[in-house]
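No experiment lies behind these values; they were computed from the predicted model shown.
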Amino acid sequence: MEVEQEGLVEHQPLEQDDLNFEKWKPKPKPKRTLHEKIDDLKTYLWNAETKEFMGRSGKSWSLILLFYSALYIFLAAMFAGCMCCLMWSISPYSPTYNDRVMPPGMTMSPHVDVAHGFDIAFNASDQKSWKKYAKALEAHLKPYDDRVQDRRNIPCQGNTYFIQDDLEESAERKACQFKRSWLNECSGLQDRDFGYSKGKPCIIVKMNRILGYLPGQGTPINVTCGVKKGSTEGLGEVKFFPENIFNLRYYPYYGKLRHVNYSSPLVAVQFSGVQYDTQLHVQCKLNGKGIINDSPTDRFLGSVSFTLEVGA
């Protein structure tokens, strides 16, 4: 009975004063003045009693600086060693591994409107509408001036690969001449307007450079142009200058460091019978062994598409 009574005493109900939760709340800290805060900051920065700077003694700061200095020196040395090993293992002239080279892409000039892609639209009688295309072609062909080519490159004959692998790796390779005069009506020499003032526009197409690539497997890659969508009658006659192939003597390409004066071969295409006031979707394609020109994901792989609209 005494044990039960003691239990009853322990579980007696709370007094009314105990239910007053206000007294259990923490008392608010007194607000500190700005002067007190400044004094605390000064003490934190430098405590004259303990001789501590920002809460640490001089010995503690010395150990921290020593540790992080050693850590970052080690990391820098490791990074420099990795970079030295990497640069030692690769060649600046050719990639070490070159087993996944894609077939070449194709580009064209003029390309003056990046936002809307390759679109050529003008009126033959309106100089302002086609002057930008002629200006872009002139700038593109400037390195192909006959005098520049005579000074930089050598004349070549034949239609075979110009292999120069017998030279030292760092030796400069010779490059074959490609003169703009060979483009005839699309050279900008006979007609400074590149045919645009006559409603017979010219474009320039070329293959992308791929180091060491031998296109066509011994047979020149050729170029064809036609209407991609719609009737083919509106395009009319298509001319190619100097011819519709990429001569093999311009390959392989040895890279910027060795083929310093290399000039990519060009094919000029002139549309001399375009039907006026008709928008045409034109596609120029590379054709040959090892060429892909119908990729659904890369529209510049082996082909280039553009719209052509010529007004009177």
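- Put simply, the side chain of F240 does not reach to within 4.5 Å of the side chain of V205, judged on heavy atoms.
- At a cut-off of 3.5 Å, with distance as the only test, no side-chain donor of D39 or Y44 sits close to an acceptor on the other residue.
- Remark: K206 NZ to F246 CZ distance equals 10.0 Å, nearest 0.5 Å.
- Side-chain contact check for L141 versus L266: some heavy-atom pair is nearer than 4.5 Å.
- In this structure a side-chain-to-backbone donor-acceptor pair under 3.5 Å is missing from H281 to S305.
- Counted by atom type alone, S181 and D146 present one or more donor-acceptor pairs between their side chains at under 3.5 Å.
- Atom CE of M54 sits about 12.0 Å away from atom OG of S60, to the nearest 0.5 Å.
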Margin query: One pair to check against side chain to side chain contact (heavy atoms under 4.5 Å, CB included): C284 and F306. What are the steps and the verdict?
Written below: CA-CA 9 Å; C284 293; F306 59 97; 4.3 Å; yes
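- Looking at every heavy atom in both residues, S272 comes nearest to K239 through OG-CE, 3.9 Å.
- For S94 against L211, the heavy-atom pair with the smallest separation is CB-CD2, 4.0 Å.
- A donor-acceptor pair under 3.5 Å is absent between the side-chain atoms of D193 and the main chain of G195, judged by distance alone.
- The distance between the ring centers of Y196 and F122 falls below 6.0 angstrom.
- Not a single donor-acceptor pair under 3.5 Å links the side chain of S69 to the backbone N or O of L66.
- In this structure, L301 and P103 approach most closely via the heavy-atom pair CD1-O, 3.2 Å.
- A heavy-atom distance below 4.5 Å is found between the side chains of Y254 and Q164.
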Next item on the list: Check the pair T307, D119 against side chain to side chain donor-acceptor pair (under 3.5 Å), reporting the backbone distance first and the verdict last.
Entry: CA-CA 5 Å; T307 60; D119 296 334; 2.8 Å; yes
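- We find the OG-CD distance between S109 and E138 to be 11.0 Å, quoted to the nearest 0.5 Å.
- Between the S129 side chain and the N123 main chain, a donor and an acceptor come within less than 3.5 Å of each other.
- Alongside Y72, the hydrophobic cluster contains I64, F67, Y68, L71, F74, L75, M78 (criterion: ILVMFWY side chains under 4.5 Å).
- Following chains of ILVMFWY side-chain contacts shorter than 4.5 Å, one can reach W182 starting from M108, so the two form part of one hydrophobic cluster.
- Between the side chain of W130 and the backbone N or O of D126 there is at least one donor-acceptor pair closer than 3.5 Å.
- Across all their heavy atoms, Y93 and S170 have their closest contact at OH-CB, 3.2 Å.
- One side chain, R209 or S264, offers a donor N or O that lies under 3.5 Å from an acceptor on the other.
- When side chains are defined from C-beta on, N247 does not count as touching P265, because their heavy atoms never get closer than 4.5 Å.
- A 4.5 Å side-chain heavy-atom check between I163 and P252 finds at least one atom pair inside the cut-off.
- With respect to V269, the side-chain contact (heavy atoms from CB on, under 4.5 Å) criterion is satisfied by exactly one of T224, I204, V238, N244: V238.
- Side-chain contact, Q127 with S197: no donor N or O sits under 3.5 Å from an acceptor N or O.
- The backbone N or O of G218 lies less than 3.5 Å from a partner atom in the side chain of Y161, making a donor-acceptor pair.
- Under the 4.5 Å side-chain contact rule for hydrophobic residues, L167 and L257 do not share a cluster.
- Seen from the ring of F162, R249 does not count as a face-on cation partner, given the 6.0 Å and 45° thresholds.
- Hydrophobic clustering of Ile, Leu, Val, Met, Phe, Trp and Tyr side chains at less than 4.5 Å, counting indirect connections, unites M207 with I210.
- Hydrophobic clustering, with ILVMFWY side chains joined whenever heavy atoms are under 4.5 angstrom apart, groups V227 together with V223.
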Item checked: Stepwise side chain to side chain contact (heavy atoms under 4.5 Å, CB included) test for I120 and I203 -> CA-CA 10 Å; I120 299 177; I203 66 169; 3.7 Å; yes
Next item on the list: May I have the step-by-step check of side chain to side chain contact (heavy atoms under 4.5 Å, CB included) for Y250 and F178, ending in yes or no?
Entry: CA-CA 9 Å; Y250 297 99; F178 191 98; 3.3 Å; yes
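- To the nearest 0.5 angstrom, R299 atom CZ is 14.0 Å from M106 atom CE.
- Remark: the backbone N or O of S187 is not paired with any side-chain donor or acceptor of Y144 at under 3.5 angstrom.
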Next item on the list: Just do the side chain to side chain contact (heavy atoms under 4.5 Å, CB included) check on D150 and K179 with the steps written out, would you?
Entry: CA-CA 9 Å; D150 286 333; K179 300 180 177 181; 2.9 Å; yes
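- The two atoms that bring G188 and R180 nearest to each other are CA-NH2, 4.0 Å, heavy atoms only.
- Looking at V282 and F271, their side chains come closer than 4.5 Å, going by heavy atoms from C-beta outward.
- The side-chain heavy atoms of S263 and N153, taken from C-beta on, include a pair separated by under 4.5 Å.
- Using a 4.5 Å cut-off between side-chain heavy atoms of Ile, Leu, Val, Met, Phe, Trp and Tyr, with links allowed through other members, W61 and L63 fall into different hydrophobic clusters.
- Across R152, R151, Q149, a single residue satisfies side-chain contact (heavy atoms from CB on, under 4.5 Å) together with Q177, and that is Q149.
- Of all heavy-atom pairs between Y251 and Y213, the closest is CB-O, 4.0 Å.
- Considering CG of L183 and CZ of F241, their distance stands at 9.0 Å, rounded to 0.5 Å.
- Rounding to the nearest 0.5 Å gives a distance of 15.0 Å between CG of N293 and CZ of F300.
- A heavy-atom distance below 4.5 Å is found between the side chains of L308 and V274.
- For the 3.5 Å distance criterion, the side chains of T278 and E309 fail to qualify, holding no donor opposite an acceptor.
- With salt bridges taken as basic N to acidic carboxylate O contacts below 4.0 Å, none links K200 and D191.
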